[in-house]
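Down below is the structure, laid out as structure tokens.
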Amino acid sequence: QVQLVESGGGLVQPGGSLRLSCVASGSIFRLDTMTWYRQPPGKQRELVARISSGGSTNYADSVKGRFTISRDNAKNTVYLQMDSLKPEDTAVYYCNAVQFGYFRGDYWGQGTQVTVSS
């Protein structure tokens, strides 16, 4: 089994920045794509950004130019740098990781709250 632990959420003013981290631990064999999702209050969960094992990235249109996803494979960690935050970014942010091999699976973190408000 793989455990994902997110951190870095909090309360910020519009225009501010936050950096989220997601650290994987446990039965790590080979982590593949890692993805950040978010779920605004009262809404469905949506994809924010994803990064492949080789570093290729994709972003939701709503965050392009403002958010940056990155990963450190040696540390089994994925990051989400969030700049120019807007109230619409308020949500619970979840980390997702896919692993192949003997300990294959689709794993989720517990989520971290991000609130953007004056």
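What you see is a predicted model; the values in this text were computed from it and never measured.
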4.5 Å side-chain heavy-atom contact, [X] and [Y]:
{"X": "S27", "Y": "Y102", "result": "no"}
{"X": "M82", "Y": "V114", "result": "yes"}
{"X": "F29", "Y": "V2", "result": "no"}

Between [X] and [Y], is there a donor-acceptor pair closer than 3.5 Å when you use the side chain of the first and the backbone of the second?
{"X": "R71", "Y": "S52", "result": "yes"}
{"X": "N96", "Y": "Y107", "result": "yes"}
{"X": "Y59", "Y": "I69", "result": "yes"}
{"X": "E46", "Y": "P40", "result": "no"}
{"X": "E6", "Y": "C95", "result": "yes"}
{"X": "Q39", "Y": "A91", "result": "no"}

Shortest non-hydrogen contact between [X] and [Y], atoms and distance:
{"X": "F103", "Y": "Q1", "value": "CD2-N, 4.2 Å"}
{"X": "Q110", "Y": "L4", "value": "OE1-O, 3.5 Å"}
{"X": "Q113", "Y": "T90", "value": "NE2-CG2, 4.1 Å"}
{"X": "V63", "Y": "R38", "value": "CG1-NH1, 3.9 Å"}
{"X": "Q99", "Y": "L31", "value": "OE1-CD2, 3.8 Å"}
{"X": "S84", "Y": "R66", "value": "O-NH1, 3.0 Å"}

In Å and rounded to the nearest 0.5 Å, what is the [atom1] to [atom2] distance from [X] to [Y]?
{"X": "S62", "Y": "E88", "atom1": "OG", "atom2": "CD", "result": "9.0 Å"}
{"X": "Q81", "Y": "S21", "atom1": "CD", "atom2": "OG", "result": "9.5 Å"}
{"X": "N76", "Y": "S25", "atom1": "CG", "atom2": "OG", "result": "8.5 Å"}
{"X": "S117", "Y": "L85", "atom1": "OG", "atom2": "CG", "result": "12.0 Å"}

If two hydrophobic side chains count as joined below 4.5 Å and joins carry through other members, does [X] share a cluster with [Y]?
{"X": "V92", "Y": "W108", "answer": "yes"}
{"X": "I51", "Y": "L80", "answer": "yes"}
{"X": "W36", "Y": "L18", "answer": "yes"}
{"X": "I28", "Y": "Y79", "answer": "no"}

Exercise for the section: Flag yes if more than 12 heavy atoms outside R45 fall under 6.0 Å of its CZ atom; otherwise flag no. Expected result: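 Counting other residues, nucleotides and ligands, CZ of R45 exceeds 12 neighbours.
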Exercise for the section: Give the ring-plane orientation class for F67 versus Y93, where under 30° counts as parallel, over 60° as perpendicular and anything between as tilted. Expected result: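 Because their plane-to-plane angle lies in the 30° to 60° range, the rings of F67 and Y93 count as tilted.
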Practice task
In plain terms, say whether D61 and K64 are close enough for a salt bridge, that is, a side-chain N and a carboxylate O under 4.0 Å apart.
Solution key: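 Judged by the 4.0 Å cut-off on N to carboxylate O distance, D61 and K64 do form a salt bridge.
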